[in-house]
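To start, the structure itself, in structure tokens.
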Amino acid sequence: MSKKLIIAEKPSVANDIARTLGGFTKQGDYFESDEFVLSSAIGHLLELIVPEEYEVKRGKWSFNHLPVIPPRFDLAPLEKTADRLKLLGKLIKRKDVDTLINACDAGREGELIFRHIVRHADSKKPIKRLWLQSMTPAAIRDAFANLLEDAEVQPLADAAVSRSEADWLVGINGTRVMTAFNSQEGGFHKTTVGRVQTPTLAILVEREEAIKKFVPRDYWEIHATFQAEGGCYKGKWFDEDFRKRKDESEARADRIWELAKAEVIRDKCDGHTGVVSEESKPAKETCPLLYDLTSLQRDANSRFGFSAKTTLGLAQALYEKHKVLTYPRTDSRALPEDYPAIVKDTLQALKSSRYDPFASQILESDWVKPNKRIFNNAKVSDHFAIIPTALVPKKLNEAEEKLYDLVAKRFLAIFFPAAEFLITTRITRVEDEPFKTEGKVLVHAGWQAVYGKVDSARGQEEESALVAVAPGEVVQVQEMVVTANQTAPSDITNPPYFPRWRCRKTGGG
């Protein structure tokens with residue numbers, strides 16, 4: 001009887017597949033049932049190498065032997081996982097195995113891991129693709145019911161191989177040219193270069209150099225306290241005619257560069273009265289986008305102090321072990337356009353958790369609708385945004401609970417209406433000198449209700465609440481203070497040495 005060989009990317013995924021499909025018996029590092037043989041890689045098992053006849057030995061890394069562009073690449077087993085590669089080779093070559101099922105992660109890197117294994121085994125057996133983006137039993141069963149044909153993912157496989165080889169070429173030629181340059185005066189000084197490593201280090205070094213060279217400047221601000229009929233409020237002097245030039249990165253409208261000027265304004269205004277005018281404008285704020293890995297790491301660091309590595313480990317555990325989050329190694333912040341039904345199922349499941357009030361409100365209000373900001377195929381790459389699955393978490397540790405809560409609240413909040421504010425700008429003029437006071441009142445919480453904010457009508461305290469004043473009211477200057485400050489490296493915004501791009505690690509150095 002013929003069987004199909006399933007190759008997952010990690011042992012934990014193979015365990016989940018075996019548990020979900022059922023009927024398997026464990027045979028060392030693989031499972032077997034009447035229909036399937038199931039095993040896994042342990043991440044990458046092979047690496048690209050130059051064929052022996054084209055390789056230049058390390059002692060001859062010179063400019064004369066560059067560039068290194070071999071006519072083809074060979075594959076070499078990684079020593080620490082050589083036994084697993086041998087096992088997979090034997091399973092692929094079994095006579096009763098007539099089809100291979102690629103169950104590696106749904107993305108370019110998972111595709112590459114599988115293709116390298118098949119190439120190393122020199123197999124020509126038919127291939128099917130298991131496209132699995134969630135580890136819940138329902139998702140696994142659905143993926144097996146909808147296996148993709150190999151031709152459907154061939155472009156992804158080609159892209160994976162192309163990226164891998166291009167990475168190798170950039171890394172090896174960059175490394176050898178820099179090594180040759182640094183070894184010109186004798187010795188062997190290996191200097192590694194990589195697609196991700198090198199530009200990232202360049203950004204860090206240039207930023208550090210800018211910080212070291214930064215010379216702080218003294219500046220002063222003028223803070224006033226005004227007495228109105230309804231109470232006291234504060235204001236800060238500002239230059240109404242301020243226009244920042246490109247060479248004034250540290251300049252601000254409320255900064256004064258000479259103490260004497262600040263003291264003149266203070267003495268001119270202190271003890272006098274001021275006339276108030278103000279303008280209030282309604283404003284809306286939409287919920288931030290769903291999380292990708294980078295934005296999740298950023299928020300987890302700012303809120304809980306988690307390092308990027310810690311956040312990734314927790315997210316991976318919530319995905320693989322607990323099955324309560326979707327695949328975390330993603331750079332997408334949107335969901336597929338056919339996902340509203342799955343979102344509703346997830347919300348239905350969350351009704352049995354502490355998130356019930358919000359999940360129920362979303363479903364009852366019918367807020368899950370086609371929306372390009374949330375459901376957008378054009379903004380989904382290998383994987384979609386990180387969201388909860390339909391499984392309610394149990395037995396999470398404290399750190400896992402914090403991270404899950406972060407993702408769950410963002411998932412719920414994205415479907416709520418925008419938060420509505422009333423933003424008030426008050427100008428108090430004292431002897432023709434303007435002082436600005438700003439206040440922000442939350443009128444309707446919208447998505448911020450998920451984070452504990454409530455409408456002002458229900459008792460929410462105003463943010464930077466302002467004492468009420470009548471139009472044109474005359475107020476008394478109660479206090480006028482000049483404060484001394486210094487500029488800091490953080491005042492340099494969007495410098496040329498910190499470009500707006502990011503590296504996404506996909507296996508290269």
Check salt bridge (Lys or Arg N to Asp or Glu O under 4.0 Å) between [X] and all other residues, then give those that pass, not counting sequence neighbours.
{"X": "Glu398", "value": "Lys402"}
{"X": "Lys379", "value": "none"}
{"X": "Glu473", "value": "none"}
{"X": "Glu400", "value": "none"}

Tell me if a side-chain donor or acceptor on [X] pairs with a main-chain N or O of [Y] at a distance below 3.5 Å.
{"X": "Ser40", "Y": "Ala14", "value": "no"}
{"X": "Gln448", "Y": "Ala445", "value": "no"}
{"X": "Ser365", "Y": "Ile362", "value": "no"}
{"X": "Thr330", "Y": "Ala385", "value": "no"}
{"X": "Trp447", "Y": "Glu285", "value": "yes"}
{"X": "Ser295", "Y": "Tyr291", "value": "no"}
{"X": "Thr200", "Y": "Val196", "value": "yes"}
{"X": "Asn182", "Y": "Met178", "value": "yes"}
{"X": "Ser353", "Y": "Leu350", "value": "yes"}

Take atom NZ in Lys409; do more than 12 heavy atoms of anything else shown fall under 6.0 Å from it? yes

Taking everything shown except Phe181 itself, do over 12 heavy atoms lie less than 6.0 Å from its CZ? no

Salt bridge [X]-[Y], side-chain N to carboxylate O under 4.0 Å:
{"X": "Lys372", "Y": "Glu337", "value": "yes"}
{"X": "Lys323", "Y": "Asp16", "value": "yes"}
{"X": "Glu279", "Y": "Lys436", "value": "no"}
{"X": "Glu438", "Y": "Lys440", "value": "no"}

Nearest heavy-atom approach of Ala228 to Val469 is CB-CG1, 3.8 Å

Of all heavy-atom pairs linking Lys394 and His322, the shortest is O-ND1, 4.0 Å

Pair His44, Leu112 - check side chain to side chain contact (heavy atoms under 4.5 Å, CB included), show working. CA-CA 9 Å; His44 284 276; Leu112 184 67; 3.9 Å; yes

Do the side chains of [Y] and [X] get nearer than 4.5 Å, heavy atoms only?
{"X": "Ile265", "Y": "Val482", "value": "no"}
{"X": "Ile386", "Y": "Leu290", "value": "no"}
{"X": "Arg373", "Y": "Thr286", "value": "yes"}
{"X": "Pro370", "Y": "Phe375", "value": "no"}
{"X": "Thr273", "Y": "Val430", "value": "no"}
{"X": "Gln297", "Y": "Lys309", "value": "no"}
{"X": "Ile256", "Y": "Trp237", "value": "yes"}
{"X": "Asp299", "Y": "Leu406", "value": "yes"}

Any pair counted as side chain to side chain donor-acceptor pair (under 3.5 Å), so long as it reaches residues 342-352, sequence neighbours left out: none

Hey, can you pull the donor-acceptor pairs under 3.5 Å for the side chains in residues 140-147, sequence neighbours left out?
| residue | atom | partner | partner atom | Å |
| --- | --- | --- | --- | --- |
| Asp142 | OD1 | Asn146 | ND2 | 3.3 |
| Asn146 | ND2 | Asp142 | O | 2.8 |

Could you give me the CA-CA distance, side-chain angles and deciding distance for Lys234 and Thr437, then say whether side chain to side chain contact (heavy atoms under 4.5 Å, CB included) is met? CA-CA 7 Å; Lys234 296 182 181 297; Thr437 310; 5.8 Å; no

In short, salt bridge (charged side-chain N to carboxylate O under 4.0 Å, His left out) pairs touching residues 262-275 with sequence neighbours left out are Lys268-Glu433

Given Val477 and Gln227, is the side chain to side chain contact (heavy atoms under 4.5 Å, CB included) satisfied, shown in steps? CA-CA 6 Å; Val477 174; Gln227 178 67 55; over 6 Å; no

Side-chain polar contacts of residues 210-224 - donor-acceptor pairs under 3.5 angstrom, sequence neighbours left out - could you list them?
| residue | atom | partner | partner atom | Å |
| --- | --- | --- | --- | --- |
| Asp218 | OD1 | Gln486 | NE2 | 3.1 |
| Glu221 | OE1 | His223 | NE2 | 3.1 |

Assess whether side chain to side chain contact (heavy atoms under 4.5 Å, CB included) is satisfied between Lys10 and Asp105, documenting all intermediate values. CA-CA 9 Å; Lys10 297 177 283 291; Asp105 289 352; 2.9 Å; yes

For residues 383-403, the ring-ring contact (aromatic ring centres under 6.0 Å, His included) pairs (sequence neighbours left out) are Tyr327-His383, Tyr339-Phe384

What distance separates Leu412 CG from Leu347 CG, expressed to the nearest 0.5 Å? 6.5 Å

Please check if any side-chain donor atom of Ser332 sits under 3.5 Å from a side-chain acceptor atom of Asp292, or the reverse. no

Partners passing side-chain contact (heavy atoms from CB on, under 4.5 Å) against Asp158 (at least two apart in sequence or in another chain): Gln154

Can you name the residues that form a side chain to side chain donor-acceptor pair (under 3.5 Å) with Glu208, not counting sequence neighbours? none

Mind listing the side-chain donor-acceptor pairs of residues 415-429 below 3.5 Å, one per line with the distance, residues two or more places apart or on another chain?
| residue | atom | partner | partner atom | Å |
| --- | --- | --- | --- | --- |
| Thr424 | OG1 | Ser280 | OG | 2.8 |
| Arg426 | NE | Glu278 | OE1 | 2.8 |
| Arg426 | NH1 | Val467 | O | 3.0 |
| Arg426 | NH2 | Glu278 | OE1 | 3.0 |
| Arg426 | NH2 | Val467 | O | 2.6 |
| Thr428 | OG1 | Tyr233 | OH | 2.8 |
| Arg429 | NH1 | Glu240 | OE1 | 3.1 |
| Arg429 | NH1 | Glu240 | OE2 | 3.4 |
| Arg429 | NH2 | Glu240 | OE2 | 2.6 |

